[in-house]
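Position 1 is the first residue of the sequence, and the numbers go up from there.
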Amino acid sequence: MFHPETRRVDVIEQHFGRSVADPYRWLESDARSDPEVADWITAQNAATEAHLRTLPAREAFRARLRILFDHERVTIPLRKGGRYFYTRNVGLENQAVLRVREGGRDRALVDPNRWPDDGTTALAEWAVSEDGARVAYAVQEDGSDWRTIHVLDVGTGERLADEVRWARFTNIAWAKDGSGFFYARYPEPRANTAFQAGLTGHALHFHRLGTPQADDRLVHATPDRPELLHQFELTEDGRYALLYSTPGLLGRSLAVVDLGGEDWRPRFLVEAFDDEWHLVGSMGTRLLLLTTRGADRRRIVALDLAEADPSLEEVVGEDAAIVNDAKLLGGRLLVAYLVDARAELRRFRPDGSPDGVVELPGLGTAGGFRGDAEDPEAFFAFTSFDAPTTVYRYDVATGARTVWAEPKAAGDLGRIAVEQRFCRSKDGTRVPIFVVRRRDTAQPAPTLLYAYGGFGISMAPFYSPAWTAWVEQGGVVAVANVRGGGEYGRAWHEAGRRERKQTVFDDVIATAEHLIAEGVTPADGLAIQGESHGGLLVGAVVNQRPELFAAALPGVGVMDMLRFDRFTGGQLWVGEFGSPRDEAGFLTLRAYSPYHTIAEGKRYPAILATSADTDDRVVPLHTFKYVAALQAAEIGPRPRLVRVETRAGHGTGKPIDKTIEEVADLWAFAARWTGLGAGQMTCEV
């Protein structure tokens with residue numbers, strides 16, 4: 001297999017008395033300003049395309065993916081001022097459209113597909129004023145995390161003159177009176193540094209309509225801790241803003257601002273970053289909060305701001321299942337639990353007494369509650385591996401559940417079987433695995449193993465047209481709920497964090513061994529896939545146990561664990577990974593860093609890494625350096641390639657046409673090396 005030659009440089013650094021080489025340091029330069037890096041990307045993409053053109057499954061997957069993605073996708077509606085606001089993609093539109101339903105009629109409000117570009121500019125966060133008269137919406141360009149916020153008059157469809165720039169890691173929340181909205185931003189970056197430089201100075205602001213951004217009111221910042229990230233929520237009555245600050249993990253501090261006053265001075269209730277805090281609802285000065293304080297699997301507590309020194313009162317105690325979502329709706333608490341990574345919905349009265357359950361259509365994921373604290377009309381969504389996301393209207397008073405929006409997906413989803421298995425990891429821990437296959441697929445079959453395992457994020461079931469395409473062709477998809485995620489609460493996350501990160505890789509290796517030993521997949525028929533933290537996971541696991549896999553698909557991964565904290569928001573991940581700038585952290589990170597631990601002399605699987613030139617969350621230099629090191633290593637004859645998407649970022653906002661092209665390439669590559677279809681694929685299923 002031909003791999004383009006990559007120039008090596010003589011960079012050797014000393015870390016705590018140990019020499020560490022970094023021969024591809026020059027690939028850290030931004031391709032927008034460095035022609036040599038741009039040429040390297042061009043050469044790599046050409047080599048990858050030359051290989052992909054030889055794969056017989058590529059066109060079949062591409063054709064079938066277009067059919068599978070061609071179904072309606074609707075988000076949970078938000079009702080304001082008698083109007084329902086939601087986003088909708090009719091099928092193959094590159095971007096979802098913000099729509100409003102009023103008097104039984106729907107119309108488009110913000111349609112990114114009509115913007116003058118190639119579909120890479122997307123609608124991101126949006127919020128509606130209390131009277132439903134205006135929408136503040138964020139625009140995302142080329143997949144970047146940077147946002148520009150605009151305001152639309154719902155009645156006329158005209159965009160106002162207001163423009164807010166350099167918003168990032170933000171939601172949007174309107175003041176109750178509609179005078180303006182809250183948002184979070186960074187200072188404007190220096191020229192030519194917006195996509196790579198480290199970020200500091202995040203702060204919460206209020207923008208008053210009709211005024212320039214320069215006059216926006218600073219609500220909260222921490223100049224003494226410039227690395228902190230700030231988030232916020234407003235109570236439904238608009239009286240209080242809850243402010244959260246975090247160094248990057250789930251734990252965060254808690255402060256509150258009484259917006260009825262003039263000074264908006266934050267009142268700090270919790271200054272440590274040890275626990276999670278999320279607003280569930282409010283009743284006057286009484287807040288209902290979801291927290292891990294005193295409950296690793298979360299509980300709901302009440303806190304009365306009328307008290308000089310508010311104490312926590314338990315409302316819904318900790319359960320064996322983990323609370324995944326909760327909201328006060330229609331005079332009841334609706335609480336979504338995860339039980340072995342599967343959803344249950346339970347009801348409680350505001351005093352915490354049980355009030356029944358909400359029946360769900362099957363094994364899957366449910367939540368995303370929307371509605372008002374006193375109005376019985378509520379909405380939530382349900383999805384699973386064999387069920388596209390359906391939006392339900394729920395009458396809290398009667399318990400009636402009706403479909404508000406249900407997509408009609410292509411193919412016979414009744415042919416798909418979803419099974420949950422469990423394996424034992426290296427230390428005996430029980431690890432769940434969802435196995436998705438066609439009911440008539442004989443064992444063993446080529447298998448895609450997917451995992452994430454970081455930041456307390458749970459891999460609950462969801463519908464994926466991409467995975468469906470693999471399953472339809474006779475393959476298996478296995479999703480491992482490994483430690484580092486949040487499937488079993490804070491302890492599950494903690495077991496795979498910092499110096500315990502190897503536990504995550506042990507869980508994935510145990511899952512791979514289980515799939516082979518139990519005949520789910522043949523010994524040379526297993527492909528491993530992961531993205532972002534999951535891309536790191538793929539790189540580390542393949543370096544440790546390359547013989548387990550026929551193919552590997554690491555996407556937008558963090559691959560240089562000794563320099564991750566130097567770029568964009570990387571310093572926010574120190575709480576998850578540890579710091580390479582202290583000796584203990586360095587030793588842990590050096591032991592599994594994918595760029596630094598490639599196992600020379602072992603036979604590696606075929607590898608197709610993916611990245612994007614405008615990814616400013618996990619900057620593409622991680623993938624570039626990793627792939628260059630793979631290509632230079634003596635690790636067997638199979639290809640080690642990289643696919644670099646243009647005008648795309650970390651994943652959000654990617655146009656459907658780019659998504660289809662990328663997935664077709666990944667699946668064709670994995671099919672070639674796992675034996676799926678053996679060149680006999682068809683788009684007729």
Side-chain angles (χ1 to χ4, degrees), residues 28 30 125 138 144-149 164-173 181-207 213-233 241-257 263-277 455-456 497-498 558 560-582 585-586 589 615-619 621-622 649-650:
E28 292 182 357
D30 191 337
E125 299 78 13
S144 169
D145 281 336
W146 292 110
R147 305 287 194 262
T148 301
I149 301 174
V164 170
R165 303 186 68 218
W166 305 115
R168 189 174 177 130
F169 303 142
T170 186
N171 57 319
I172 304 169
F181 55 85
F182 296 86
Y183 70 98
R185 59 161 291 186
Y186 282 99
E188 181 176 350
R190 299 189 309 275
N192 301 319
T193 66
F195 290 97
Q196 276 196 308
L199 298 171
T200 57
H202 201 245
L204 171 62
H205 294 264
F206 177 76
H207 174 76
Q213 183 176 2
D215 294 342
D216 286 359
R217 182 173 183 175
L218 176 64
V219 179
H220 183 54
T222 52
D224 57 325
R225 294 289 304 274
E227 79 281 7
L228 294 181
L229 194 68
H230 305 291
Q231 301 159 322
F232 63 94
E233 295 179 282
L242 274 66
L243 312 182
Y244 313 107
S245 298
T246 176
L249 285 174
L250 296 173
R252 49 191 187 172
S253 63
L254 171 63
V256 63
V257 171
D263 62 7
W264 286 7
R265 183 174 302 171
R267 176 186 176 187
F268 285 89
L269 303 173
V270 179
E271 297 195 50
F273 306 121
D274 298 331
D275 298 293
E276 297 177 42
W277 302 95
F455 294 93
R497 188 168 75 88
R498 295 175 71 96
V558 189
D560 183 346
M561 300 308 298
L562 303 186
R563 290 175 63 78
F564 73 86
D565 60 335
R566 300 170 184 262
F567 304 97
T568 58
Q571 74 272 9
L572 295 170
W573 314 333
V574 168
E576 177 72 19
F577 298 130
S579 174
R581 305 193 193 202
D582 67 62
F586 165 79
L589 295 164
D615 187 344
D616 55 2
R617 190 175 306 176
V618 179
V619 285
L621 66 89
H622 284 279
H650 200 60

For [Y], is there any backbone N or O sitting under 3.5 Å from a side-chain donor or acceptor partner on [X]?
{"X": "Glu125", "Y": "Ile172", "value": "no"}
{"X": "His220", "Y": "Tyr244", "value": "no"}
{"X": "Arg563", "Y": "Met561", "value": "no"}
{"X": "Glu188", "Y": "Trp166", "value": "no"}
{"X": "Asn171", "Y": "Gln231", "value": "no"}
{"X": "His230", "Y": "Ala203", "value": "no"}
{"X": "Ser245", "Y": "Ser253", "value": "no"}
{"X": "Asp145", "Y": "Arg168", "value": "no"}

According to salt bridge (Lys or Arg N to Asp or Glu O under 4.0 Å), does anything in residues 214-225 pair up with another residue at least two apart or in another chain? List the pairs.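 Qualifying pairs: Arg225-Glu227.
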Given Leu199 and Gln571, is the side chain to side chain contact (heavy atoms under 4.5 Å, CB included) satisfied, shown in steps? CA-CA 8 Å; Leu199 298 171; Gln571 74 272 9; 4.2 Å; yes
Quick check for you: to the nearest 0.5 Å, what is the distance between [X] atom [atom1] and [Y] atom [atom2]?
{"X": "Leu204", "Y": "Arg185", "atom1": "CG", "atom2": "CZ", "result": "12.0 Å"}
{"X": "Leu562", "Y": "Arg581", "atom1": "CG", "atom2": "CZ", "result": "11.0 Å"}
{"X": "Arg252", "Y": "Asp274", "atom1": "CZ", "atom2": "CG", "result": "14.0 Å"}

Nearest heavy-atom neighbours spanning Gly201 and Pro187: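 Scanning both residues, the minimum pair turns out to be O-CD, 3.3 Å.
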Using every non-hydrogen atom in the two residues, find where Trp146 and Pro189 come nearest and quote the distance to one decimal.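 Looking at all heavy atoms of both residues, the shortest contact is CZ2-CG, 4.1 Å.
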Who pairs with [X] by side-chain hydrogen bond (donor to acceptor under 3.5 Å, both in side chains), at least two apart in sequence or on another chain?
{"X": "His205", "answer": "none"}
{"X": "Thr148", "answer": "none"}
{"X": "Glu276", "answer": "His278, Arg298"}
{"X": "Thr170", "answer": "none"}

For residues Thr568 and Asp616, is any side-chain donor paired with an opposing acceptor at under 3.5 Å?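 No - no donor-acceptor pair under 3.5 Å links their side chains.
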Any heavy-atom pair between the side chains of [Y] and [X] that's under 4.5 Å?
{"X": "Asp275", "Y": "Val270", "value": "no"}
{"X": "Phe181", "Y": "Ile149", "value": "yes"}
{"X": "Asp565", "Y": "Trp573", "value": "no"}

Below 30° counts as parallel, above 60° as perpendicular, anything between as tilted: where do the rings of Phe564 and Phe577 land?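 Perpendicular, since the angle between the ring planes exceeds 60°.
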What orientation do Phe567 and His622 show, parallel under 30°, tilted 30 to 60°, or perpendicular over 60°?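 Aromatic pair Phe567/His622 classed perpendicular.
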Partners passing side-chain contact (heavy atoms from CB on, under 4.5 Å) against Leu572 (at least two apart in sequence or in another chain):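 Once residues adjacent in sequence are excluded, the partners of Leu572 under the side-chain contact (heavy atoms from CB on, under 4.5 Å) criterion are Phe169, Tyr186, Leu229.
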Can you tell which of Trp264, Phe232, Tyr183 makes a ring-ring contact (aromatic ring centres under 6.0 Å, His included) with Phe206?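 Looking at Trp264, Phe232, Tyr183, the match for Phe206 under the ring-ring contact (aromatic ring centres under 6.0 Å, His included) is Trp264.
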